[in-house]
Each structure stands twice: as C-alpha cells, then as structure tokens.
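All chains are named by letter (A, B, ...) in the order of the sequence lines, taking the proteins before the strands, and each is independently numbered beginning at 1.
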Amino acid sequence: MRLSQQLFVTLREEPADAEVRSHALMARAGFILKLGAGLYVYGPMMWRVLRKIEQIVREEHDRIGCQELLMPAVQPRELWDESGRWERYVNDGILFNFRDRKGSEVCLGPTHEEVITHFVRKQVQSWKQLPTTLYQIQTKFRDEIRPRFGLMRGREFIMKDAYSFDANEEGMKDSYAMMRQVYRNIFSRCGLRFTPVEADSGAIGGSGSEEFMVDAETGEDAIAVCHEIGYAANIEKAVSQISAPAGEPEKVEMHKEPTPGAKTCEDLLKLFPDLGVERLLKTVLYEAVWEDREQTIAVMCRGDRELNEVKLLNHLDALNLELADEKLVRSVTGAEPGFAGPIGLRDDVRLLADTSVEGVQGFLCGGNETDTHWLDVWFGRDLEQPETADFGVVQSGDTTVCGKGKIEITRGIEVGHIFQLGTKYSEAMDASFLDENQKKLPLWMGCYGIGVSRVAASAIEQNHDEGGMIWPLPIAPYQVLIVQMKAGAEEQDALCAELEKELEARGVDVLVDDRKKVNPGAKFKDADLIGIPLRIVVGRDAGERRVEWSPRSGGDKEVVTAEEALARVSAAVEAASSVRDSE
RNA sequence: CGGGGAGUGGCGCAGCCUGGUAGCGCACCUGCUUUGGGAGCAGGGAGUCGCAGGUUCAAAUCCUGUCUCCCCGACCA
C-alpha cells in the first residue's frame, strides 16, 4: 500500500480535549475523529487495527468451537420486560430507547443477553444440542453518564459478546473455564500486559465473574492485588483482613462532647488527638431504592476505612444507592450534615455497620445534634452493635484473607469481563431443553465480553512514547513501514517497489511512505506518531541495495542489505504470530 | 444529576475586562529553491466569532436564554 494514495492527515498539535495519551495520539494521527461526546469515527488506519483485533478474537473463539452470528442492534422492549431489566436500564439512564413509527418501544442494544436467550430458546430443544457457545462482534450503545478518554468510555463502541449454554452447572463452569483461557490467549496475542481479577457482576447478574484488566495507571478501575498469594480483585469486590485497634480503652460513661464545626474525621482528630482514628466511627447515610420502595440506610464505619457502595448495594439487594443529600440528613438526624451517629436516628432508618467496627469500644460517634458527638460509647452497653457485614474498601497494606499476604492497590483498564450467569435469564425467559429423561430443565448460561475498541486504546495506553504510538505487531495497522527518503529518485523507487512486492508476496502488511514533497524529517515524525512497529528506511544507499533497519520500539538503527531487512521482517512476523498464553 | 470551564478559518490559540466591523502559529493552494529528524522565500485561499434574542449609531466584545463540548464529583458526614 502506498501512503501517497491514501487519505492521510496528521496534526502537529494535540486536540485540546484529549486527556489520556491514547486519545491524544490517536486523534493527532487521524486514527479517530470525534463526532460528539463518546462518539468517534474510526479512520482507515484505526479500522485496520480494529479488524486485526477482531480477527484474533475470531480465531481464538473458533478454535474451541464457538460459532459467530450477528444479532440486531435494535431490540424490542418486550424482551427486556421478560428479563426484568428494562426499568433498571431506563432508570440508570444508560439505555438509548425510543419508539418506532408504530409507537412500540425499542432500544439500541447495550448488551444482548435477552436476544441471545430468545434465539436459543427458539433453536435449542434437546440436551443433544448442548453445550453450545455463540458470539458476535458488533457495535454496542450505552448512553454513559460520563463518556471520556476517547475510545476508553464511548457511548457507541465495538464489543465482542459471547454466550455459552450448558445442560447443568458443571457444564457452565467448564465452558467458563475454556472461555477464560480463550481470553488469556486473545489478550496475550494482542500484546497486552494484563491481570485477571475477581469482579462484581453488576447489572448483568449471575454468580461468579472475572474481569481482564490491562495494567495502566490511567485505568478507571482500581484493583487489589497480592503477588505472593496470587490474589487479584476489583476494588469493588476485594476483601481483606484488618486488625482491631490495640489496647483496652477506659470504661468511662458515655457522654456528649461539644464539637463545633468538626464535620470530618480530620477535624475530630484535632479535637481528640489521643483517641486514634480507629476509635472514631463515622456514620454515612444513604437512600436505597428498590423496585417497590425506598429506605434510608445508615452505615457505621471505622474512621480510617472507606465504605464500598457496591458491596452495600449487593447486601441490600437494592436497585440503586445514593448518598443522602443535606435535606435528608437533616430530616433523619435532626442535625446539620457532619454529625450523624447511630444513637437517636429517625425510627425508619435501617442501621448497618461495616465489619471494621467490630471490636471497637469506647469510641466517638456523631451525636445527631449539630456541633455534638458522643464519646466513650460502648457496643452492648450504650447501644446494640448493629448488623455487620463487609462494606469496606480494601486498602493498600491490608492483610489478605488467608493471612499470608499484603494487598497492594494498582489500576487497570477493563477490556474483558466473563460471567457465570447460571439460570437467571433462562428461567426468566423460559429458555429450556429436554434432558435424557424428557425432563424440562433451564439452560445454564455464561456470558463473555471484550471491548474491541477499548483493547485498541489500551494497547496505546501501554505502548507509546514522546513521539507517538507503538503498536504491538499483531494488531498494528501495518506490520512494516518503508520510509522512502526521496520519492522519485530512481534507485529508491525501484528498491521500494521490490521490497513492497516481496513483502506482500510473503503475506506481510506493508505501507510505503512514498509521499513526494514531504521532507525526511516530517516523514520520520509521522512514522513515529503512527507507530508501525517494523521500519525500513530506503535512502541514499538504495543503489547498493542497502537500507536502514529501525524498529519503532527503539533499539539501534542499523544499515543492512535489502535481503537482510526482508529476513528480519519475516522473523519478527513469525515470532509475533506464535504468541500464545499458557497459564 | 450537581459543580467548574470552554465554544473565534481544518487544528492550536489571542482579541472580550475598557464595544468601532477579526488576528497569530500550524495546516492548505501556486511558484521557485531544498531533501536523513516537522525546510526557505514569494504569492494566495479560507472564519455571518456555537445558536437565538436584547441593549446600542455600532456587538466576537455588554445582557438574557439556549445548544454543544471538556473537566471534577457522582464522595466520608
């Protein structure tokens, strides 16, 4: 392919709205163009990258016998009413929904559990048809609350979603395990450094789930890891052990303390420096919403710990959880915000506590009275210890549950998520089969998603430098870039044409920068920016069939013969194609 | 949804406070020279200043509304 014949535009300056490197570089290089918040045109170069990723995804799925299909993006509401998810998705505001000309409600699919379940309930009747796994690669639509970071969180993005169907739980787990390995293979082949982590399954539901996190500081997700014992979990899901505060406090009678203006733990510590932050219990108020009701929830938590709203939401089995606003705080506590406590809350408030409060005695807590806290409060003596459960956020330095490791917090980009759904959808939508004994049983499902466009962005987040992107070879838009110093010079023209032809004959994707009237400096800058991993510079030594070998990822530039350059390309392509993950 | 910020040639920005009819760099077009790390000179094209109202002799500039985009937060009491 000749660059001179392509529409190829690069910018010298970055677009002002790009926050992360992948976004800035892809925009500068003309790989993407913003159409609106979270909406992007994938330019020709970008599309090549996406197709390469898709190809890897297809190969790895097909290898274990998955079948590709394609479902509609437009989905009728009725299907979503069957699974019970329409209300939730509409309430969350994430659904692009509208009415068609007949007035029927439809949405643009944010995910396809309903449609695939419908497809399978129509197609599958017998245990003999199981197990089966189907997948598609398609545009998904989600009206994200806050789209950001270019392709990282778009409102329209390319996703691979797969769904497995088994006759029983063991079968589902087998399918899940196979898919887990497929995912490892895919991300390894894409040249990503990643960590699989235990995850919360959120709106999709089901029993177990894992996310595949690309290691990156700019990632939106925090993950808790312990390398010694091999633990890794999304912070939403992560668990740890923490020790109770040391020392037995004096058994003083509970009493009120004036704490004017002291609304935060920090303020209170200044007033009671000897108390220790562990003996300061905060009480956080939430409004929980279920399908048929709502309730104010007060949750106690140790001063040095944070509350995990995902764990709380799951415990309550609520649809939504919101921090109480000031008005609600006043109504429930009778005090200004900042002085909420467990004693004397309005009767209808449900009081819970994080496990971090266990073993804490003689503590300080809010007085439910402006500028007042209770001090020397004891559970069992002054108030019953509320129902406790793990509502805490794991912190760096915590001990792992097994007691043998220390937890470290890192960040990652979620590029894949796999779920054991169980029979949640098959039961709700009556997707069943007949077993050997003519018994009607629900299908056991798994579902598996990969953000294809996000994989591309993550690859750049992980692989770039000052000059631009550095694509991993297997997903690079082209594998080789031949930079011709002076287009039109006879010897260079001839050698470039020869190299291009030979590489194409070997099945290598090659791009020749044969643009005229573009200076060498500009060509080098563009080459660095678009990040084609292998590069051959054809310049003044073309007559002697000598070229410069200068891989994008650095390393020493070297003058070699044309034949040697070809051999090096073949070797690099060969090496990259043999990458497989082995766990 | 709350808070903050921004919309001026394709891109990045200045001008706005203190109203007087739009400018810089890059990119683009033409010509000549140049050709191993974003070339030089000369000439040229391109913006109803997001949109709608209002104030004024006069609005990119002041006022009101509206749309869009970006950032922070959906935060600890």
So which nucleotide from [options] ends up closest to the side chain of [X]?
X: A/E306; options: B/C76, B/C70, B/G25; answer: B/C76
X: A/N519; options: B/G36, B/U34, B/C70; answer: B/U34
X: A/A37; options: B/G38, B/G36, B/C69; answer: B/C69
X: A/A16; options: B/G38, B/G12, B/G37; answer: B/G12
X: A/K525; options: B/C71, B/C11, B/G38; answer: B/G38
X: A/K34; options: B/G36, B/C70, B/C11; answer: B/C70

Please give the distance between the [atom1] atoms of [N] and [M] as a whole number of Å.
N: B/G9; M: B/G15; atom1: P; answer: 16 Å
N: B/U21; M: B/U48; atom1: C1'; answer: 12 Å
N: B/A58; M: B/G19; atom1: C1'; answer: 8 Å
N: B/G3; M: B/A39; atom1: P; answer: 48 Å
N: B/C49; M: B/G40; atom1: P; answer: 33 Å
N: B/G47; M: B/C57; atom1: P; answer: 30 Å
N: B/C67; M: B/C26; atom1: C1'; answer: 30 Å
N: B/C69; M: B/C32; atom1: P; answer: 46 Å

List the steps, then state whether side-chain contact (heavy atoms from CB on, under 4.5 Å) holds for A/R48 with A/Y478.
CA-CA 8 Å; A/R48 291 184 69 94; A/Y478 293 89; 3.4 Å; yes
Proximity of A/F379 and A/F363 rings by center, below 6.0 Å:
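Yes, close enough.
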At less than 4.0 Å, is any side-chain N or O atom of A/R146 found next to OP1 or OP2 of B/C71? Yes or no.
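Looking at the OP1 and OP2 atoms of B/C71, one of them is under 4.0 Å from a side-chain N or O of A/R146.
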Is A/R12 close enough to B/A27 that one of its side-chain N or O atoms is under 4.0 Å from OP1 or OP2 there?
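Checking A/R12 against B/A27: at least one side-chain N or O falls below 4.0 Å of OP1 or OP2.
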Under a 3.5 Å cut-off for both contacts, is [N] paired Watson-Crick or G-U wobble with anything, and if yes, with which nucleotide?
N: B/G47; value: none
N: B/C41; value: B/G31
N: B/G53; value: B/C63

Could I get the full list of side chain to side chain donor-acceptor pair (under 3.5 Å) partners for A/R330, not counting sequence neighbours?
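By the side chain to side chain donor-acceptor pair (under 3.5 Å) rule, A/R330 matches A/E326, A/E336.
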Salt-bridge criterion met for A/R21 and A/E14 (N-O under 4.0 Å):
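Between A/E14 and A/R21 there is a salt bridge, with a charged N closer than 4.0 Å to a carboxylate O.
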With heavy atoms under 4.0 Å as the rule, sort A/C301 into base, sugar-phosphate or nothing.
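Counting heavy atoms under 4.0 Å across all strands, no contact is made by A/C301.
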Assess whether one donor atom and one acceptor atom, taken from the side chain of [X] and the base of [N], lie less than 3.5 Å apart.
X: A/K557; N: B/G37; value: yes
X: A/E14; N: B/G12; value: no
X: A/R546; N: B/G36; value: no

When the ring planes of A/Y40 and A/H23 are compared, do they come out parallel, tilted or perpendicular, using 30° and 60° as the limits?
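Plane angle over 60°, so perpendicular.
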Using side-chain heavy atoms (C-beta onward) and a distance below 4.5 Å, is A/R350 in contact with A/L316?
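With C-beta onward as the side chain, the pair touches.
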